[in-house]
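One structure is given here, and the rest of the page talks about it.
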There are 2 protein chains.
Amino acid sequence: MTEHCLWRFSRALHRALNERQHEDLSNMIDEDIDWAIYGPIDMFPFFGARHGKAAVLEVCRQIADNVRIHRFDREAIMLGVDTSASMIRYSLTALDSNKPISLRMAQFTQFKAGKLVSMRILIDTFDLVEQAIGHPIDLPRIA
Amino acid sequence: MTEHCLWRFSRALHRALNERQHEDLSNMIDEDIDWAIYGPIDMFPFFGARHGKAAVLEVCRQIADNVRIHRFDREAIMLGVDTSASMIRYSLTALDSNKPISLRMAQFTQFKAGKLVSMRILIDTFDLVEQAIGHPIDLPRIA
């Protein structure tokens with residue numbers, strides 16, 4: 001029984017983000033990868049869609065320039081043969097402000113021949129924005 | 001081969017939300033269900049955590065009072081024996097303002113003996129808030 005690609009990818013990603021060691025990550029990214037982190041790209045330029053290995057490695061470098069990961073917990077996980085879906089809670093530091101950030105994300109991955117071909121990340125972005133600006137945003141009550 | 005619980009639950013949920021027919025949904029909710037929609041509860045009181053069948057049925061009634069679903073597309077889906085994870089794009093109308101709302105959510109479910117025992121929903125909430133208030137929120141650029 002071989003290890004699921006997700007675990008190797010997860011180690012490679014965290015190594016790239018926290019230690020700036022991008023080689024393992026590079027080896028796991030398909031040339032034709034489709035990648036998207038949904039969220040406000042005006043505030044977080046490393047969010048949004050990327051296509052192709054070079055663009056994805058570049059965006060991972062940008063993320064590494066902006067955050068440090070302290071801890072993550074997979075609250076839910078599903079593994080298929082070449083796919084995975086996880087709900088993950090991250091504890092980060094925003095490097096520019098030195099602020100602690102805690103966020104929850106859903107991550108859907110697809111692998112092909114051991115390489116990541118698709119990544120979709122959804123984040124509770126309103127909570128993230130409030131933490132990043134450092135104060136609550138005033139909202140009307142809808143219901 | 002029996003149908004996965006997710007499909008029956010999905011039909012029951014949409015029937016409850018759009019047609020106010022809550023019976024099928026009620027039959028599929030475990031008494032001890034754990035439910036959470038992550039997001040700003042000050043603006044959307046039907047977000048947040050609920051525990052137990054009565055609380056979940058009540059929150060579904062509140063959601064039905066606030067939105068009408070026009071269309072949904074599952075962009076990604078994983079099915080386990082008693083679990084599922086989906087990335088779904090919804091087209092809704094906010095009933096108070098008659099505004100169209102388009103949102104992406106990740107939905108993790110767990111079933112037991114044909115009933116829903118756990119539901120976790122993550123939404124790109126910043127995008128949702130901007131649509132609900134009807135204008136962009138000014139943000140600083142972080143990176």
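Below, chains carry the letters A, B, ... as their sequence lines are ordered, and counting in each starts from 1.
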Hydrophobic cluster membership, with links at side-chain heavy-atom distances under 4.5 Å among I/L/V/M/F/W/Y: are [X] and [Y] in one?
X: A:I63; Y: A:I69; value: yes
X: B:L57; Y: B:V117; value: no
X: A:I88; Y: A:L116; value: yes
X: A:L6; Y: A:M87; value: no
X: A:L103; Y: B:I41; value: yes

Pairs of heavy atoms under 4.5 Å with chain B: top-ranked of A:L79, A:V129, A:D65:
A:V129
Using a 4.5 angstrom heavy-atom cutoff, name the option from B:A94, B:S84, B:S97, B:S118 with the most pairs to chain A.
B:S84
Per-residue tally against chain A (heavy atom, under 4.5 Å) across B:S86, B:G80, B:A76, B:P136 peaks at B:S86
Does atom [atom1] of [X] have more than 12 heavy-atom neighbours, drawn from other residues, nucleotides or ligands, at distances under 6.0 Å?
X: A:E23; atom1: CD; answer: no
X: A:D138; atom1: CG; answer: no
X: A:K99; atom1: NZ; answer: yes

Residue-level contacts of residues 119-126 of chain B with chain A, using a heavy-atom cutoff under 4.5 Å:
B:R120, B:L122, B:I123, B:D124, B:T125, B:F126
If we only count heavy atoms from C-beta on, is the A:P40 to B:L139 side-chain gap below 4.5 Å?
yes
Engaged part of B:L95 at the chain A interface, taking heavy atoms whose separation is under 4.5 Å
neither
Just verifying a value: how many Å separate B:T83 OG1 and A:I77 CD1, rounded to the nearest 0.5 Å?
11.0 Å
To check you understand the geometry: which heavy-atom pair defines the closest contact between B:F108 and A:A106, and what is its length?
CE1-CB, 4.0 Å
